[in-house]
Amino acid sequence: MTSPGRSGVSHGHFCHPPVGGPRRQRVNKGARAHMEAVRSGTPCVTLPRSGMVVPQIGVGLAHLHLMPAHARAALIDTAIDLGMTHFDTSRFYSDGLSEEVLGRVLGTRRNRVTITTKFGLLPTSLIGRMGRLAPFGRKLRSAATRLKLTRYPRQRYTPDTLQRSIAASLKALRTDYVDVLAIHEPAGAASLNDEMIEALVAVRASGMARLIGVAGDTIDDVVARWGDVLDVVQTAESRWEETRFVPDFTYSLFSSQRARGAAPLTQDEINAYLTRALERRPNGAVIVQTRNPERLSGYARLVTP
């Protein structure tokens, strides 16, 4: 049962281990500690496709390279304390730094969280190895991209890229599995093929990823063609309609407002957009991006009964 909270959001139940069919059995193992971690925090939902249990609000880690080291750890620690125990990352984010930071900060708490990572958008491996010089490397890359001396980001969706990416992700995250491995921003179904999808299914069968999916803005035909194989669908909040598909996760909740060049959103406006997104999909979750742990606390107050 769900119950409306102070904001009018229909709150998900507090987490219990999923039960049910074959896909749900894949997320049973190791779930108990994760469920205990969020039982008294952010309410959770059971995703309809997979039976995966996640908090209504997950935390995206695309911008960790813009934060000082101590602030990165504080953001992740705060999220866990609030029960926002689903983290969304990618091999591409911050040229690998996002996964490395998450793995290091989690330490022995890996079984208290769920992790989505992605492949297909390629990080710049040289920048990933530059350490303190990485910000300078990113500025050079931006300049070269503006001058059309290089193309960024680059994309590659092949079985070999998949294998290399998941191996690097597991090493960086200091784990032997991810909860979700998703194809990252494919340019529609034409950028993929059955061989690629079969390789992704094989990764799931190996246990390196418990679930597989797709994440991106232009994924309608990917879902139409391979939706019966994919466990998780993730897209921008403004990019889906129920007549086509209903995603498990959405992101970019506030970006359309920022793009208009208007004044920063007020807290009431932020709360309204988040409430609306959660009401659209009572059995779905929203990924939020922030560099401010206090902002996470505000989100938690909105959904906590």
Side-chain angles (χ1 to χ4, degrees), residues 30 58-67 69 72-73 75-76 86-111 113-135 137-138 140-141 150-187 191-193 195-216 230-232 234 249 251 287 289:
V59 179
L61 301 177
H63 302 142
L64 292 187
H65 63 286
L66 300 175
M67 304 171 65
R72 299 167 189 160
L75 181 72
I76 293 169
H86 181 77
F87 293 98
D88 182 85
T89 184
S90 168
R91 193 77 208 118
F92 174 73
Y93 290 164
S94 303
D95 298 293
L97 179 68
S98 174
E99 290 180 330
E100 292 172 10
V101 170
L102 180 59
R104 182 168 63 251
V105 174
L106 286 179
T108 60
R109 297 177 292 179
R110 170 64 183 95
N111 65 352
V113 307
T114 52
I115 298 172
T116 290
T117 196
K118 315 178 197 75
F119 76 97
L121 292 185
L122 304 181
T124 304
S125 56
L126 176 61
I127 292 178
R129 296 192 298 268
M130 289 178 70
R132 293 182 178 180
L133 294 177
R138 292 189 181 98
L140 287 179
R141 181 178 62 195
T150 189
R151 182 169 57 89
Y152 178 81
R154 293 182 299 128
Q155 299 167 295
R156 190 177 301 145
Y157 306 99
T158 66
D160 180 64
T161 301
L162 165 61
Q163 292 296 333
R164 291 174 182 271
S165 187
I166 185 60
S169 290
L170 295 179
K171 181 178 180 180
L173 290 165
R174 305 185 185 192
T175 185
D176 58 0
Y177 74 96
V178 292
D179 299 277
V180 182
L181 177 63
I183 308 164
H184 199 181
E185 293 285 1
S191 61
L192 307 174
N193 55 45
E195 181 185 14
M196 173 68 258
I197 299 301
E198 289 168 4
L200 187 58
V201 170
V203 169
R204 182 177 65 189
S206 75
M208 288 188 289
R210 290 180 171 171
L211 301 171
I212 57 175
V214 62
L230 301 173
D231 304 305
V232 175
Q234 179 170 314
F249 295 97
Y251 55 86
I287 303 297
Q289 296 273 359

Asker: Drop me the distance from M130's CE to S125's OG, to the nearest 0.5 angstrom.
Answerer: 11.5 Å
Asker: Please report the interatomic distance CD(E198) to CG(L162), rounded to the nearest 0.5 Å.
Answerer: 12.5 Å
Asker: Run the ring-ring contact (aromatic ring centres under 6.0 Å, His included) test against F87 and tell me which residues pass, sequence neighbours left out.
Answerer: none
Asker: Using the test ring-ring contact (aromatic ring centres under 6.0 Å, His included), find all partners of F119 that sit at least two apart in sequence or belong to another chain.
Answerer: none
Asker: What verdict does the ring pair (Phe, Tyr, Trp, His ring centres under 6.0 Å) test give for H86 and F249, after you've listed the backbone C-alpha separation in whole Å, the side-chain angles of each residue and the deciding distance to 0.1 Å?
Answerer: CA-CA 11 Å; H86 181 77; F249 295 97; 4.7 Å; yes
Asker: State, yes or no, whether a side-chain contact exists between R210 and R204 at a heavy-atom distance under 4.5 Å.
Answerer: no
Asker: Could I get the full list of ring-ring contact (aromatic ring centres under 6.0 Å, His included) partners for Y251, not counting sequence neighbours?
Answerer: none
Asker: Just to verify, what does T175 make a side chain to side chain contact (heavy atoms under 4.5 Å, CB included) with, not counting sequence neighbours?
Answerer: R110, L170, L173, Y177
Asker: Given side chains that start at C-beta, do those of V101 and I76 come closer than 4.5 Å, heavy atoms only?
Answerer: yes
Asker: Does any part of the side chain of Q234, heavy atoms only, come nearer than 4.5 Å to the side chain of K118, both counted from C-beta?
Answerer: yes
Asker: Would you say that L181 contacts V203 through its side chain, given a criterion of any heavy-atom pair below 4.5 Å between the two side chains?
Answerer: yes
Asker: Measuring from atom CG of L61 to atom CG of L102, what distance do you get when rounded to the nearest 0.5 angstrom?
Answerer: 5.5 Å
Asker: Quick one, D231 and V180 - any side-chain contact, counting heavy atoms below 4.5 Å?
Answerer: no
Asker: Among residues at least two apart in sequence or on other chains, which ones pass salt bridge (Lys or Arg N to Asp or Glu O under 4.0 Å) with R72?
Answerer: none
Asker: When you check the side-chain N and O atoms of D88 and Q289, is any donor under 3.5 Å from an acceptor?
Answerer: no
Asker: Output all residues satisfying side chain to side chain donor-acceptor pair (under 3.5 Å) with Q163, sequence neighbours left out; order by chain, then residue number.
Answerer: none
Asker: Which heavy atom of V113 sits nearest a heavy atom of D179, and at what distance?
Answerer: O-OD2, 4.0 Å
Asker: Could you tell me if E99 and S169 have a donor-acceptor pair between their side chains, going purely by distance under 3.5 Å?
Answerer: yes
Asker: Using the salt bridge (Lys or Arg N to Asp or Glu O under 4.0 Å) rule, collect all pairs that involve residues 154-168, keeping only residues at least two apart or in two chains.
Answerer: D160-R164
Asker: If you apply the rule side-chain contact (heavy atoms from CB on, under 4.5 Å), what do you find for T116 with V232, and how did you get there?
Answerer: CA-CA 10 Å; T116 290; V232 175; 5.7 Å; no
Asker: Do T89 and S98 get their side chains close enough for a donor-acceptor pair, meaning under 3.5 Å?
Answerer: yes
Asker: Checking A168 now: which residues fulfil side chain to side chain contact (heavy atoms under 4.5 Å, CB included) with it, not counting sequence neighbours?
Answerer: R91
Asker: Can you confirm whether V201 sits close enough to I212 that some side-chain heavy atom of one is under 4.5 Å from a side-chain heavy atom of the other?
Answerer: yes
Asker: If you look at every heavy atom in R138 and S94, which pair is closest and at what distance?
Answerer: NH2-O, 3.0 Å
Asker: List in chain and number order the residues that pass side chain to side chain contact (heavy atoms under 4.5 Å, CB included) with L140, two or more places apart in sequence or in another chain; answer none if no residue qualifies.
Answerer: F136
Asker: Please name all residues satisfying side chain to side chain donor-acceptor pair (under 3.5 Å) with S165, sequence neighbours left out, ordered by chain then number.
Answerer: none
Asker: Hey, could you give me the CD/CG distance between Q155 and L121, rounded to the nearest 0.5 Å?
Answerer: 5.5 Å
Asker: When rounded to the nearest 0.5 angstrom, what distance separates CG in L106 from CG in N111?
Answerer: 10.0 Å
Asker: Checking A205 now: which residues fulfil side chain to side chain contact (heavy atoms under 4.5 Å, CB included) with it, not counting sequence neighbours?
Answerer: none
Asker: Mind listing the closest non-hydrogen atom pair of V214 and P186 along with its distance?
Answerer: CG2-CG, 3.8 Å
Asker: Taking side chain as C-beta onward, heavy atoms only, is L66 less than 4.5 Å from L64?
Answerer: no
Asker: With sequence neighbours excluded, tell me which residues meet side chain to side chain donor-acceptor pair (under 3.5 Å) with T124.
Answerer: R141
Asker: Kindly indicate whether the side chain of E195, heavy atoms from C-beta on, has any atom under 4.5 Å from the side chain of P159.
Answerer: yes
